[in-house]
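For reference, positions follow the sequence shown, starting with 1.
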Amino acid sequence: MSKYDIIVLGSGPGGYVTAIRASQLGFKTAVVEKESLGGVCLNWGCIPTKALLKSAQVFDYLKHAEDYGLTLKDADKDFSKVIQRSRGVADGMSKGVQFLMKKNKIDVIEGFGKIKPGKKIDVDGKEYSADHIIIATGARSRELPSLKQDGKKVIGYREAMSLDKQPKSMIVVGSGAIGVEFAHFYNAMGTEVTIVEFLPNLVPLEDEDVSKQFERSFKKAGIKVMTSSSVESLDTSGKGVKAKVKTKKGEETLEADIVLSAVGIKSNLENIGLEDVGIVVDKDKIMVNDWYQTNIPGYYAIGDVVPGPALAHVASAEGITCVEKIKGLHVEAIDYGNIPGCTYASPEIASVGMTEKQAKEAGYELKVGKFPFTASGKAKAAGTPDGFVKVIFDAKYGEWLGCHMIGAGVTDMIAEAVLGRKLETTGHEVLKAIHPHPTMSEAVMEAVADAYGEVIHL
Ligand SMILES: Cc1cc2nc3c(=O)[nH]c(=O)nc-3n(C[C@H](O)[C@H](O)[C@H](O)COP(=O)(O)OP(=O)(O)OC[C@H]3O[C@@H](n4cnc5c(N)ncnc54)[C@H](O)[C@@H]3O)c2cc1C
């Protein structure tokens, strides 16, 4: 039986990053993977969707070339080549992880892993043991009884990013990041898209101002938006799909070629030996402490299988924290209040910390500032004046409670707020940190200035 210091079950951004950090720390490490290295993120999530969205953006530029004084005739797309490009990018990234495993002398064990008592793991009949076993098996598309996926007419995200043929019409159910990214992509490609959201706002976890602006942009782009609505049942017996949708005004029947279910995720917890080992699971998540230890010594869990935001950067950070703690380093527990969330539709959304509503409910007195991109020279020059930056400070001590952005490229701007908050920066310091001109990032400085009555360009 092969013996390791650490075996990681699953090689997503949780698992493979954990394995690399473990190896850096001197642990003899192996990672077990049943599919492709890189997990959902590299193969079926973050990366291939961003490749699709890039094609949508380029196509959009081509369609609007005249706005930039350029003449271009007959801009068109080749849907299968768009998909092919995305798959190629994903494959390349997965190969990159293969290289990283080799470089860091991590053994990759291919197959389905099942943990066993005694800190052992069975991979397709072969047994391995380790001092520490880290479960990072991730998640998959959640199925609702009213939205049973058949992979053809009722699909999940995997099919949505690998369809052979572009549907003429699509109903997207759910308006979290995954739902709106696909809604934007298919709409930009020319599919007629309807998005159905159960809650009153699109991207319901975001600050209400952001959600409202986002909804306006989606409607302007030609997407049919149905909020406070839910799909009750589907009829797939005909050529396409008929969806019965309950709305505030009554029931409506929608017809489309395809329904994309984007109603959340379900952890991969089945048949991996949790019951045999006695690991506690609650509400579809493995229970862990601040150091990702389960209730059974020697077994840990990180990433989408534990509570907290299901995001790649969170999975990676959890894994790093977990192995650094195992090593005995002085480690800080992750601050789940300072995790950025990004949505890469058009316009993009990026946020960190509390929304205005949450900050008010928490009893803070607030200083709120907002700077619209219509007043930004860079945004105007780029032809992307939609959106704004909104900052929320505690009026008493100046703590930066939240930052919410919507607009072109904001997903690359949110790290400033994350770092500022991590360093317990005050608004004054952000104001005195000179931001380059002309950039979209000036909007952060101006929004802070607005909060303190010092805004220049409004
Ligand atoms: C369409 C989509 C877009 C997304 N976009 C973003 C984004 O832009 N930014 C972001 O931060 N997050 C994004 N996410 C979320 C992100 O992909 C996940 O949060 C992240 O992949 C979780 O990492 P993980 O390591 O926990 O699990 P996963 O990435 O799910 O990896 C788990 C791995 O474990 C393997 N595995 C499972 N069970 C076993 C077993 N028994 N034996 C062996 N191997 C096993 C699986 O095959 C898989 O490779 C997106 C998700 C989706 C679906």
Side-chain angles (χ1 to χ4, degrees), residues 2-43 45-47 93-110 113 115 119 121 123 128-139 267-268 272 279 286 288-294 296-336 338-340 415 418-419 422:
S2 307
K3 168 92 178 35
Y4 291 90
D5 297 325
I6 292 181
I7 296 181
V8 188
L9 181 57
S11 75
Y16 85 79
V17 170
T18 306
I20 292 174
R21 186 69 188 119
S23 176
Q24 285 173 349
L25 292 167
F27 292 118
K28 187 181 177 211
T29 307
V31 68
V32 183
E33 176 53 59
K34 67 178 170 61
E35 252 180 75
S36 304
L37 289 173
V40 169
C41 177
L42 272 61
N43 297 287
C46 325
I47 304 300
M93 293 301 294
S94 183
K95 288 204 180 85
V97 176
Q98 220 169 332
F99 161 79
L100 289 174
M101 294 297 100
K102 226 184 226 162
K103 182 180 162 218
N104 287 283
K105 301 189 173 48
I106 296 160
D107 287 349
V108 176
I109 305 166
E110 288 176 18
I115 60 169
K119 293 194 267 186
I121 185 159
V123 184
Y128 301 83
S129 79
D131 292 335
H132 310 276
I133 292 179
I134 303 175
I135 303 160
T137 49
S267 303
N268 295 321
I272 58 167
I279 290 175
I286 297 174
V288 288
N289 64 11
D290 279 356
W291 315 114
Y292 307 99
Q293 295 159 336
T294 67
I296 305 292
Y299 295 84
Y300 310 76
I302 57 144
D304 281 4
V305 290
V306 301
L311 293 168
H313 40 289
V314 175
S316 302
E318 288 172 345
I320 290 171
T321 304
C322 177
V323 287
E324 288 184 347
K325 188 72 181 175
I326 291 173
K327 182 71 181 175
L329 303 188
H330 177 74
V331 197
E332 227 179 280
I334 290 178
D335 173 5
Y336 284 90
N338 198 28
I339 290 179
V418 178
L419 184 64
K422 172 83 183 152

>> Could you tell me if the side chain of Asp5 sits less than 4.5 Å from the side chain of Thr29, heavy atoms only?
In response: no
>> Just verifying a value: how many Å separate His132 NE2 and Lys119 NZ, rounded to the nearest 0.5 Å?
In response: 6.5 Å
> Between OG1 of Thr294 and CD1 of Ile115, what distance do you get to the nearest 0.5 Å?
Replying inline: 7.5 Å
>> Can you confirm whether Lys3 is buried at NZ, in the sense that more than 12 heavy atoms of other residues, nucleotides or ligands lie under 6.0 Å from that atom?
In response: yes
> So, Ser23 side chain and Ala19 main chain: donor-acceptor pair closer than 3.5 Å or not?
Replying inline: no
> Does Val314 reach the side chain of Tyr336, with side-chain heavy atoms less than 4.5 Å apart?
Replying inline: yes
>> I want to check something: taking the side chain as every heavy atom from C-beta on, are Val40 and Asp304 in contact at a cut-off of under 4.5 Å?
In response: no
>> For the CD1 atom of Ile121 and the OH atom of Tyr128, what is their distance to the nearest 0.5 Å?
In response: 9.5 Å
>> Is there a side-chain contact between Asp107 and Tyr4 in this structure, where contact means two heavy atoms from C-beta onward sitting under 4.5 Å apart?
In response: yes
> So, does Glu324 use its side chain to make a donor-acceptor pair with the main chain of Val331 at under 3.5 Å?
Replying inline: no
> Do you know the tightest heavy-atom contact between Ser129 and Ile7?
Replying inline: O-CD1, 3.8 Å
> Going through the distances and angles, do Gln24 and Val323 end up as a side chain to side chain contact (heavy atoms under 4.5 Å, CB included)?
Replying inline: CA-CA 10 Å; Gln24 285 173 349; Val323 287; over 6 Å; no
>> Can you confirm if the NZ or CZ of Lys325 lies within 45° of the ring axis of Tyr292 and under 6.0 Å from the centre of its six-membered ring?
In response: no
> Got a sec: does the CD of Glu110 have more than 12 other heavy atoms crowding it under 6.0 Å?
Replying inline: no
> What distance do Ile47 atom CD1 and Met93 atom CE have between them, rounded to the nearest 0.5 Å?
Replying inline: 4.5 Å
> So, do Gln98 and Val108 sit near enough that their side-chain heavy atoms are less than 4.5 Å apart?
Replying inline: no
>> Checking side-chain contact (heavy atoms from CB on, under 4.5 Å) between Ser316 and each of Val17, Ile302, Ile20, Thr18, which is the one that passes?
In response: Val17
>> Between Asp131 and Ile326, is there a side-chain heavy-atom distance shorter than 4.5 Å?
In response: no
> At what distance, to the nearest 0.5 angstrom, does CZ of Arg21 lie from CZ of Phe27?
Replying inline: 10.0 Å
> So, Asn43 side chain and Leu37 main chain: donor-acceptor pair closer than 3.5 Å or not?
Replying inline: yes
> For the atom pair NZ (Lys327) and CD1 (Ile6), what is the distance rounded to the nearest 0.5 Å?
Replying inline: 9.0 Å
> Under the side chain to side chain contact (heavy atoms under 4.5 Å, CB included) criterion, do Ile279 and Ile135 qualify, and how do the steps go?
Replying inline: CA-CA 11 Å; Ile279 290 175; Ile135 303 160; 3.9 Å; yes
